[in-house]
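Side chains included, hydrogens not; waters and symmetry mates left out as well; all remaining heavy atoms used. Owing to the predicted nature of the structure, the values given are computational and were not obtained by experimental measurement.
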Amino acid sequence: MQINEPWWRHAVCYQIYVRSFADSDGDGVGDMAGIAQRLPYLADLGVDAVWITPFYTSPQLDHGYDVADYRDVDPLFGTLEDFDSMLARAHELGIKVIVDVVPNHTSFEHAWFKSALAAGPGSPERERYVFRDGRGRDGSQPPNNWKSVFGGAAWTRVEDGQWYLHMFDSSQPDLNWWNPEVGDEFESILRFWLDRGVDGFRIDVAHGLIKKQDLADLARYEGLVMWDQPEVHDVYRRWHKILAEYDGDRMAVAEAWTDSPEATARYIRADELQQAFNFHWLTAPWSAAEFRKVLSSTLEAVGLVDGTPTWVLSNHDVVRHPTRYGGGATGLARARAAALTMMALPGSVYVYQGEELGLEQVDVAPEFRQDPEYRRGGKVGRDGCRVPIPWSGDAPPFGFGPGTAQPWLPQPAEWSELAVERQLKDPESMLAFYRELLTQRRTLTAGIGDEVRLLASAPGTLAFSRGDGLVCMVNCGSRAAKVPTEAGELLMSSGEPLVEARGARRLAPDTAAWFRPA
Ligand code: NOJ
Ligand code: MG
């Protein structure tokens, strides 16, 4: 962190997937008190903030992204008092807390949706959602050809014959953001949590709220055509003003899946949000050329709006990155290298729980899968990145909860090797590497400036300097590659130290390193 900058600008933020982090009461599901108990672990890891996925009242059909009451904690996770104690404990430890807000849709158990169903066609209650008559002579065809992100039609018919739009599961009716009442309600929800003392919000499907108003059929099926509408930015201009009324640099980060870094950067214009997830790095394969492209286009786009970049490798919706990068020893070596590279960059970094342990995607057996993406679309679904954290011991539940109660998704037996307790004793472990990395990042990038300069480097590698204090190189190629002349003393490496060959210092494949500038 540099002097006088808002806390989030260079923050390392740790994503807690609440169901799977820590269970205090032995019901096999993570909860608020579980988070509170494990906060010292996160303080020791060196994170600046946590983002906690939705813990509000919900039938849990999309594990909390289907909210029935935005102003309460689901009994599964505890009470509002448990939330308050967790928040207070985090603040005592110097950790900021970001909560999730889900404005694109509610649960079908939300009071608004129930009254919309009861009130019938043409009522103001229905105007809070997107209800339409169907097509065809008897209205038995959906109003348009949009598909749900989770598979199948994006419309479900109700008893009186009308259809409602749901871009996700049928239990998640989309709100109608063209109706001012919806915006007012969310202003009040934001204030509810800001008044309780949260430091920021992660905005679910931030690009989705405003749908193309004519609801016209899509000619080509392209997920973003009906989303990322210009008017969505008016919502965030309003939210900017709300956040600014509070002290302590409150912030919001957009989950906006857009098709270019420029489109993502529009969410962080000076009068909008503070951050947007940069998914372009996460979707890039293990390739120096691709990383280079994402790096320069991100920095350029963010520069144009005078904003702060973010970096992220994994979250609860995607295949864990060691697996994406090839799995096994190779995947893990690349995961370390990617983390070291990312942490050299200016801006804020999001770490997904378990990546500091080197967890891989789990092949969850079909009978245990719970993701609506699996239920609706027959895709494998996202359960494999949501398996509860192994904390200690030699057998499941690995200290996830008290006693022997098994967690909501089964943990692989091999995870005994990866339990926190075990990794803390091993200086070569992924956890030891992350702890060292976060410490080094804090000290080595402090005050060095944010300017990134791409350096000429060997084929298959990416090298850049950051400010006047750091040179970073990552080798995505298949053989040891020459370190650029701009690199001085080696500060930290993700794997093997450098080798000397043919009169030059070389960096091994699947490895990244930090250097002092020469
Ligand atoms: C994005 C969330 O990250 C994901 O888990 C959820 O299923 C969808 N939004 C719908 O809320
Ligand atoms: Mg529990």
- [ ] Give a yes or no on whether the backbone of Phe55 and the side-chain of Asp74 come within a donor-acceptor separation of less than 3.5 Å.
- [x] no
Open item on the list: Under 3.5 Å, is there a donor on one side chain and an acceptor on the other for Asp31 and Ser24?
Closed with: yes
Open item on the list: I'd like to check Ile389 versus Gln353 (side-chain heavy atoms, cut-off strictly below 4.5 Å). Are they in contact?
Closed with: yes
Task: ring pair (Phe, Tyr, Trp, His ring centres under 6.0 Å) partner of His207, the single match among Trp227, Phe279, Tyr236 - done: Trp227
TODO: With side-chain contact (heavy atoms from CB on, under 4.5 Å) as the test, would you mind laying out the steps for Arg442 and Val12 before giving the verdict?
DONE: CA-CA 10 Å; Arg442 204 179 283 264; Val12 174; over 6 Å; no
- [ ] Go through the side-chain N and O atoms of Asn475 and Thr511 and say whether any donor and acceptor fall under 3.5 Å apart.
- [x] no
Open item on the list: Any donor-acceptor pair under 3.5 Å linking the side-chain atoms of Asn278 with those of Trp311?
Closed with: no
- [ ] Flag yes if more than 12 heavy atoms outside Glu436 fall under 6.0 Å of its CD atom; otherwise flag no.
- [x] yes
Open item on the list: Using a 3.5 Å distance criterion without hydrogens, assess whether the side chain of Arg516 forms a donor-acceptor pair with backbone atoms of Gly488.
Closed with: no
Open item on the list: Would you say His316 and Thr53 are linked by a side-chain donor-acceptor pair, where the criterion is simply a distance under 3.5 Å?
Closed with: no
- [ ] Could you walk me through whether Asp317 and Arg386 pass salt bridge (charged side-chain N to carboxylate O under 4.0 Å, His left out), step by step?
- [x] CA-CA 9 Å; Asp317 291 329; Arg386 299 173 174 180; 3.2 Å; yes
- [ ] Starting at NE2 of His280, measure out to CG of Leu295 and round the result to the nearest 0.5 Å.
- [x] 13.0 Å
Open item on the list: Tell me if the aromatic rings of Phe277 and Tyr350 count as close, with their centers under 6.0 Å from one another.
Closed with: yes
Open item on the list: Please report whether the ring centroid of Trp286 lies less than 6.0 Å from that of Phe291.
Closed with: yes
Task: Salt-bridge criterion met for Asp468 and Arg453 (N-O under 4.0 Å) - done: no
Task: salt bridge (charged side-chain N to carboxylate O under 4.0 Å, His left out) between Asp371 and Arg382, intermediate numbers included - done: CA-CA 6 Å; Asp371 186 358; Arg382 300 164 294 179; 2.7 Å; yes
Task: Min side-chain heavy-atom separation Val474-Cys472 under 4.5 Å - done: no
Open item on the list: Checking the side chain of Gln172 only, and the main-chain atoms of Ser170 only, is there a donor and an acceptor separated by less than 3.5 Å?
Closed with: no
Open item on the list: Less than 6.0 angstrom from the centroid, inside 45 degrees of the normal: does Arg336 satisfy that with respect to the ring of Phe433?
Closed with: yes
Open item on the list: Within the structure provided, determine whether Ile52 and Asp100 are in side-chain contact (heavy-atom separation under 4.5 Å).
Closed with: no
Open item on the list: Can a side-chain donor-acceptor contact be found between Ser20 and Trp408 if the only test is distance below 3.5 angstrom?
Closed with: yes
- [ ] Inspect the contact between Glu355 and Arg320 and indicate whether a charged nitrogen and a carboxylate oxygen are less than 4.0 angstrom apart.
- [x] no
- [ ] Among Tyr41, Phe398, Phe400, find the one that has a ring pair (Phe, Tyr, Trp, His ring centres under 6.0 Å) with Trp391.
- [x] Tyr41
- [ ] Decide whether Gln423 and Tyr434 meet the rule of one side-chain donor and one side-chain acceptor closer than 3.5 Å.
- [x] no
Open item on the list: What's the separation between atom CD in Glu356 and atom OG in Ser429, rounded to the nearest 0.5 Å?
Closed with: 10.5 Å
TODO: Apply side-chain contact (heavy atoms from CB on, under 4.5 Å) to the pair Ile16 and Tyr14, showing each step before the final yes or no.
DONE: CA-CA 6 Å; Ile16 293 180; Tyr14 184 95; 3.8 Å; yes
Open item on the list: salt bridge (charged side-chain N to carboxylate O under 4.0 Å, His left out), that's the test. Do Asp48 and Arg441 meet it? Break it down for me.
Closed with: CA-CA 12 Å; Asp48 303 294; Arg441 180 179 199 269; 5.3 Å; no
Open item on the list: I'd like to know if the side chain of His105 pairs up with that of Asp169 as donor and acceptor (distance under 3.5 Å, no hydrogens or angles considered).
Closed with: no
- [ ] Go through the side-chain N and O atoms of Tyr325 and Asp510 and say whether any donor and acceptor fall under 3.5 Å apart.
- [x] no
Task: Atom pair CZ (Arg435) and CG (Asp44), whose distance is rounded to the nearest 0.5 Å - done: 5.5 Å
TODO: Take Tyr374 and Val364 through the test side-chain contact (heavy atoms from CB on, under 4.5 Å) and record every step on the way to the result.
DONE: CA-CA 11 Å; Tyr374 174 68; Val364 176; over 6 Å; no
Open item on the list: If we count only N and O atoms by modelled type, under 3.5 Å, do the side chains of Arg19 and Gln60 hold a donor and an acceptor together?
Closed with: yes
